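Everything on this sheet refers to the single structure shown next.
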Amino acid sequence: MSFQISYIISTRNRLPFLQITLKTLLSKVTDADEIVVVDGNSNDGTKEYLQELLDNGKIHQLVSEPDKGQAHGWNKAMLLARGTIIKKIIDDDVFDYNAIKKCAIYMLSHPEIDVLISNDLFGSLQNHTKVHKASRISQYQKWLKGAVASFTFGDVHMLVRKSSLAYIGLYNTSYVMMDWEYSLRISYLQANITYYTGYNALSVAHNESISALKNRKEIERQGKKAHSFYEYAGDNAEISLWSKIKIAFGKALCKHKPSKTDFRQEPSANEMVKIYQYLQNQLEATNSGEFVFIKKE
């Protein structure tokens with residue numbers, strides 16, 4: 001059985017976030033879509049929650065077993081995908097499925113496109129009313145003109161054609177910032193990348209998402225290696241902009257010593273649902289304008 005879009009999720013012990021994300025996704029999928037979930041052997045109730053969804057026909061594929069890092073989990077999900085288009089869904093971020101569907105339809109009508117990226121928004125769970133815009137369009141345009149050999153972009157807003165994996169490959173399991181290396185590789189290989197000027201996603205930072213802090217030295221080492229290998233001209237970043245934001249956010253959290261009543265530090269489950277609904281509304285409102293596809297000729 002084949003599908004138009006495979007929504008893939010890799011998760012481990014993130015049940016409160018996963019439940020919010022899947023509730024929204026499940027309300028948007030059609031018979032032309034599938035949901036593939038790879039669970040890294042969770043022990044917080046995630047496996048049981050996902051198994052129930054699978055048994056009830058809500059999700060299409062489920063694997064729950066130990067993995068060797070996040071890239072390994074995502075690679076499993078990409079290989080399992082049966083859709084023409086693959087869309088990665090990160091369990092603690094927010095997605096506009098109407099925008100994603102629009103991008104997928106465009107890719108389906110333009111089979112030469114390997115990868116589609118977009119602008120995105122970013123914010124934090126602790127200060128959710130401050131939402132910022134991010135764009136890589138200037139870097140993309142330099143790449144289109146041949147001024148640079150490669151450029152970086154996040155994968156939160158990225159759509160990939162399944163058949164293009166044979167050319168661009170999977171995530172490099174040796175890289176801490178796997179999306180950073182993946183973007184450099186995709187662009188360096190001169191894959192056919194289209195840019196959508198709308199917003200497919202809103203990245204959410206919080207105190208459980210700062211995995212980059214303890215790996216900062218390794219990230220910098222890997223960054224230098226990738227700079228050379230992919231002839232990356234750089235744009236004041238050894239790592240991606242979003243990774244820098246996460247690291248800065250993590251440092252701020254480390255400096256902040258919350259009181260027992262500090263809502264900004266630890267929102268309750270009910271508060272978190274409201275925060276994510278607010279962020280969902282912000283993302284969809286941002287997408288109320290007119291946006292275009294910029295295509296590689």
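Because the structure is a prediction, the values reported are computed rather than measured.
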Relative to each other, are the rings of Y276 and F17 parallel, tilted or perpendicular (30° and 60° limits)?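 Rings of Y276 and F17: perpendicular, over 60°.
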Does any N or O in the side chain of [X] come within less than 3.5 Å of the main-chain N or O of [Y], such that one atom is a donor and the other an acceptor?
X	Y	result
T197	V292	yes
Q280	V94	no
D96	A99	yes
Q61	L80	yes
Y230	F151	no
K88	M78	no
T194	K295	no
S150	L184	no
N13	S42	no

Which atom pair, heavy atoms only, marks the closest approach of [X] to [Y]?
X	Y	result
V148	Q139	CG2-O, 4.5 Å
Y182	G169	OH-O, 2.6 Å
N119	R136	OD1-N, 4.3 Å
I275	P267	CD1-CB, 4.0 Å
I8	A81	CG2-CB, 4.3 Å
R161	I113	NE-O, 2.7 Å

Under 3.5 Å, is there a donor-acceptor pair linking the side chains of [X] and [Y]?
X	Y	result
Q4	K101	no
D114	N192	no
Y195	S135	yes
Q222	E181	no

Can we call the ring centroids of [X] and [Y] under 6.0 Å apart?
X	Y	answer
H128	Y278	yes
F293	H110	no
Y7	Y97	yes
Y171	H72	no

Between M272 and I20, is a side-chain contact (heavy atoms from CB on, under 4.5 Å) present by the stated rule, with each step listed? CA-CA 9 Å; M272 197 163 74; I20 293 172; 3.9 Å; yes
Assigning hydrophobic clusters by single linkage (Ile, Leu, Val, Met, Phe, Trp, Tyr; side-chain heavy-atom cutoff under 4.5 Å), is V160 placed with I105?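 In one cluster: no.
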